[in-house]
Amino acid sequence: MLDVTSADSIIKFANKLKGLTLKQACGNEIEKHGYQGKGNFGQILEKFYFGYEPNSESQPDFKEAGIELKSSPLKILRNGEFRAKERLVLNIINYIEVYKEEFENSSFWKKNAHLLLVFYLHDNDLDLLDYNIRLVNDWQYPSEDLRIIKHDWETINKKIKDGKAHELSEGDTFYLGACTKGSTALKSFRNQPFNEEKAKQRAYSLKQGYVNHIIANISQEETETYGKIIERPEILDAVQSIEEIVISKFLPFYGKSAKEIEKYLGLELNQKAKSYFANLTNAILGLKLGQKIEEFEKADIQVKTIRLSENNLPKEDISFPTFEFQELIKTDWEDSDFKNILESKFFFVFYQYENDDLILKKVRFWNMPQSDISEAKIVWDKMIEAVSRGLIVREVSDIGIRKTYFPKKTENRISHVRPHARNAADTFMLPIPDKLTKLTEYTKHCFWFNASYVRDEIFMK
DNA sequence: GCATGATCATGC
DNA sequence: GCATGATCATGC
């Protein structure tokens with residue numbers, strides 16, 4: 001039987017969920033309690049399987065055992081591996097109170113030090129009562145992760161103390177993020193202690209990449225494909241943050257050409273490979289060829305290698321993954337892929353042409369200021385507007401090249417929309433046909449960062 | 001020389 | 001076969 005005061009008992013009881021759906025695990029219970037199709041997966045699990053009322057207390061769900069129950073959706077890759085469908089959202093950040101806390105006695109740590117995780121396979125076509133529960137495990141943070149999480153928590157707290165709660169962004173931190181919670185509506189704005197300006201409600205969350213790491217750990221997948229930057233986590237305690245450690249590894253190579261760096265590191269990389277610069281970056285960080293950077297993967301960091309012309313302008317604009325027109329217009333800004341990208345942490349590696357050599361100029365961790373995110377949202381808004389009105393093609397030239405209504409580079413300081421496809425025939429369906437051409441599908445496009453924005457706001461600053 | 005449309009190359 | 005990161009080509 002379930003003993004709610006014992007961690008072992010709770011975990012054992014939870015483990016029986018594996019392979020079942022909510023309906024199978026507690027079908028009669030759900031009917032008995034008059035389930036109305038309301039509530040989310042987690043609430044139903046708490047109420048009908050574990051038999052307690054969901055609360056929003058500062059205590060963990062099972063307070064005697066110190067365990068916080070969390071459920072979260074999985075997606076499945078083509079190769080059958082599981083990945084997190086989204087970040088794991090934890091408790092709401094109470095701006096008015098947290099600035100008084102120390103990490104060790106914080107509301108975050110009191111509630112989330114020991115998690116019990118229930119991962120279910122999400123499926124758009126199914127009712128949530130029919131989602132299959134695939135992974136169940138408890139989770140406590142390894143000490144090297146905890147050092148980074150504590151540092152993240154302090155980064156968030158510092159921003160609140162500085163009266164900048166309204167400028168918080170997920171990209172500020174590595175594993176523990178401050179993600180928006182609730183709608184953008186006025187009611188989800190909160191007071192902050194050191195500034196009159198209201199701030200969006202946010203919650204602590206574990207980044208999607210970090211949740212992937214938990215999943216890989218639970219399902220005991222091999223970790224050889226990952227290499228750590230930080231071999232001795234205890235140095236994080238002292239003076240250096242992970243950012244400082246990473247940058248210190250690059251500093252000796254500033255002003256050196258890619259070829260010189262390669263030589264110094266005793267490497268013979270294939271210079272024609274598209275992954276040449278990515279390989280060089282990883283080698284500078286001390287990784288073996290083909291390894292992924294564990295800390296960067298956990299932190300969802302987007303690594304971008306930029307080649308600058310001699311006038312400091314990147315040779316190319318920066319592309320992002322293509323979007324599907326149909327998905328684009330049915331996704332809210334808050335849940336959109338583009339907002340997710342804009343709130344990420346980036347790691348830029350700048351090389352610059354000097355004659356025919358590419359010289360390492362500098363590296364930079366960066367994330368977009370909130371004011372710029374608002375400015376880039378205008379591009380997203382215009383795109384939604386165009387696609388949902390069927391305003392795609394503006395003009396077709398004699399030789400068949402089309403001009404579109406999509407947001408151009410000249411219209412916005414930060415971002416624009418351009419094709420990103422195999423060729424013009426590589427398309428996605430349109431939600432409604434194009435007014436001019438009657439086309440029902442159109443060349444794949446994506447959002448791009450303007451090269452001039454990268455120069456002015458990321459390289460030069 | 002830049003803006004915009006179009007496409008390539010690699011790896012999974 | 002396709003996503004992703006990167007690059008090419010044309011016209012103004």
Side-chain angles (χ1 to χ4, degrees), chain A residues 75-81 83 209 212 221-222 224-226 258 269-282 289-293 296-297 300-325 327-328 337-338 340-341 344 346-351 353 358 379 382-383 386 392-429 434 436-437 439 441-456:
Chain A
K75 58 187 178 185
I76 196 159
L77 302 185
R78 270 190 292 267
N79 66 11
E81 286 178 14
R83 289 288 185 277
N212 279 335
E221 283 164 11
E222 57 152 333
E224 270 176 27
T225 49
Y226 293 101
L269 299 175
N270 176 6
Q271 291 178 24
K272 284 180 192 146
K274 286 249 179 178
S275 57
Y276 175 73
F277 285 99
N279 293 341
L280 199 58
T281 296
N282 288 3
L289 193 62
Q291 280 186 322
K292 292 179 177 172
I293 307 167
F296 281 20
E297 298 275 321
D300 286 328
I301 291 176
Q302 304 234 6
V303 179
K304 297 283 181 191
T305 304
I306 309 293
R307 269 156 302 166
L308 302 163
S309 312
E310 301 197 1
N311 67 3
N312 292 341
L313 192 70
K315 275 197 72 183
E316 306 290 342
D317 305 303
I318 313 298
S319 71
F320 290 103
T322 54
F323 49 71
E324 296 197 37
F325 299 106
E327 290 300 315
L328 195 68
D337 292 337
F338 191 44
N340 222 354
I341 289 168
S344 309
F346 287 80
F347 182 65
F348 283 94
V349 184
F350 290 104
Y351 290 89
Y353 281 100
L358 276 166
V379 175
K382 283 185 177 171
M383 195 57 200
I392 312 293
V393 181
R394 186 157 51 83
E395 191 184 317
V396 184
S397 78
D398 305 341
I399 55 169
I401 290 180
R402 307 177 188 130
K403 291 184 193 282
T404 69
Y405 287 104
F406 299 158
K408 299 177 197 317
K409 215 173 177 172
T410 45
E411 293 175 33
N412 188 281
R413 188 174 59 94
I414 298 169
S415 173
H416 65 279
V417 173
R418 278 222 326 274
H420 191 183
R422 262 190 95 62
N423 53 46
D426 184 18
T427 60
F428 280 129
M429 294 298 295
D434 175 45
L436 179 69
T437 62
L439 287 167
E441 49 189 301
Y442 204 70
T443 314
K444 292 175 184 172
H445 277 60
C446 76
F447 292 99
W448 300 68
F449 277 171
N450 301 346
S452 53
Y453 177 73
V454 175
R455 176 194 59 200
D456 298 340

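As a basis for the values below, the full set of heavy atoms in this structure was taken, side chains included, without hydrogen atoms, waters or symmetry mates. Below, chains carry the letters A, B, ... as their sequence lines are ordered, and counting in each starts from 1.
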message: Whether A:R83 and A:E81 form a salt bridge (side-chain N of Lys/Arg under 4.0 Å from carboxylate O of Asp/Glu) is what I want to check.
response: yes
query: So, is A:T404 near the phosphate of B:dG5, with a side-chain N or O under 4.0 Å from OP1 or OP2?
result: yes
- line: In whole angstroms, the gap separating P of B:dA6 from CZ of A:F406 amounts to 11 Å
message: Heavy atoms from C-beta onward define the side chain here; which of B:dT7, C:dG5, C:dT7 lies closest to that of A:A421?
response: B:dT7
5′-ward residue of the pair A:K315/A:Q302 relative to DNA chain C: A:Q302
- prompt: Side chains of A:P419 and A:T404: closer than 4.5 Å at any heavy-atom pair?
  reply: no
query: Starting at CD1 of A:I306 and ending at P of C:dA6, how long is that distance when rounded to a whole Å?
result: 7 Å
task: Examine A:K304 relative to A:F320 and say whether NZ or CZ is less than 6.0 Å from the centre of the six-membered ring and inside a 45° cone about the ring axis.
output: yes
- prompt: Quick one: do A:D317 and A:K409 make a salt bridge, cutoff under 4.0 Å?
  reply: yes
- line: To the nearest angstrom, the CZ-C1' distance between A:R307 and C:dG5 comes to 10 Å
task: Name the nucleic acid region contacted by A:P321, choosing base, sugar-phosphate or nothing; use a 4.0 angstrom heavy-atom cut-off, strictly under.
output: sugar-phosphate
message: Using five pairs at each end of the helix from B:dG1-C:dC12 to B:dC12-C:dG1 to define an axis, what is the angle between those two axes, to 10°?
response: 30°
- prompt: What pair of heavy atoms forms the shortest contact from A:T437 to A:V396, and how long is it?
  reply: CG2-CG2, 4.2 Å
- request: Could you check whether A:N450 gets within reach of a base, just the sugar-phosphate, or nothing at all, counting any heavy atom under 4.0 Å?
  value: nothing
- prompt: Hey, is CZ on A:R394 packed in by over 12 heavy atoms from elsewhere, all under 6.0 Å?
  reply: yes
Donor + acceptor pair across side chains of A:R418, A:H416 (<3.5 Å): yes
query: Distance only, no hydrogens: is a donor on one side chain within 3.5 Å (strictly under) of an acceptor on the other, for A:S415 and A:N412?
result: no
Can you give me the N/O atom pairs linking the protein to nucleotides 9-12 of chain C at distances under 3.5 Å, or say none if there are none?
none

query: A:R418 has an atom CZ; how far is it from atom C1' of C:dT4, in whole Å?
result: 15 Å
query: A:W448 has an atom CH2; how far is it from atom P of B:dT4, in whole Å?
result: 13 Å
- prompt: In whole angstroms, how far is the P atom of B:dA6 from the NE2 atom of A:H416?
  reply: 13 Å
field: Between C1' of B:dG5 and CZ of A:R422, the distance in whole Å
entry: 17 Å
Reported OG1-to-CG distance for the pair A:T322 and A:D426, which is rounded to 0.5 angstrom: 8.0 Å
task: Tell me what A:H420 touches on the nucleic acid: a base, only sugar-phosphate, or nothing, going by heavy atoms under 4.0 Å.
output: base
statement: Contacts of A:P419 and A:F428 projected onto DNA chain C by closest heavy atom; the upstream (5') one is A:F428
query: Do A:E316 and A:R307 sit within salt-bridge range, that is, some charged N less than 4.0 Å from a carboxylate O?
result: no
Pairs under 3.5 Å (N/O, protein and nucleotides 1-3 of chain B):
residue : atom : partner : partner atom : Å
B:dA3   : OP2  : A:K409  : NZ           : 3.4

field: Close side-chain approach of A:I301 to A:F346, heavy-atom, < 4.5 Å
entry: no
message: Expressed as a whole number of angstroms, how long is the span from A:E324:CD to C:dT4:P?
response: 11 Å
- line: So OG1 of A:T427 and OH of A:Y442: to nearest 0.5 Å the spacing works out to 11.0 Å
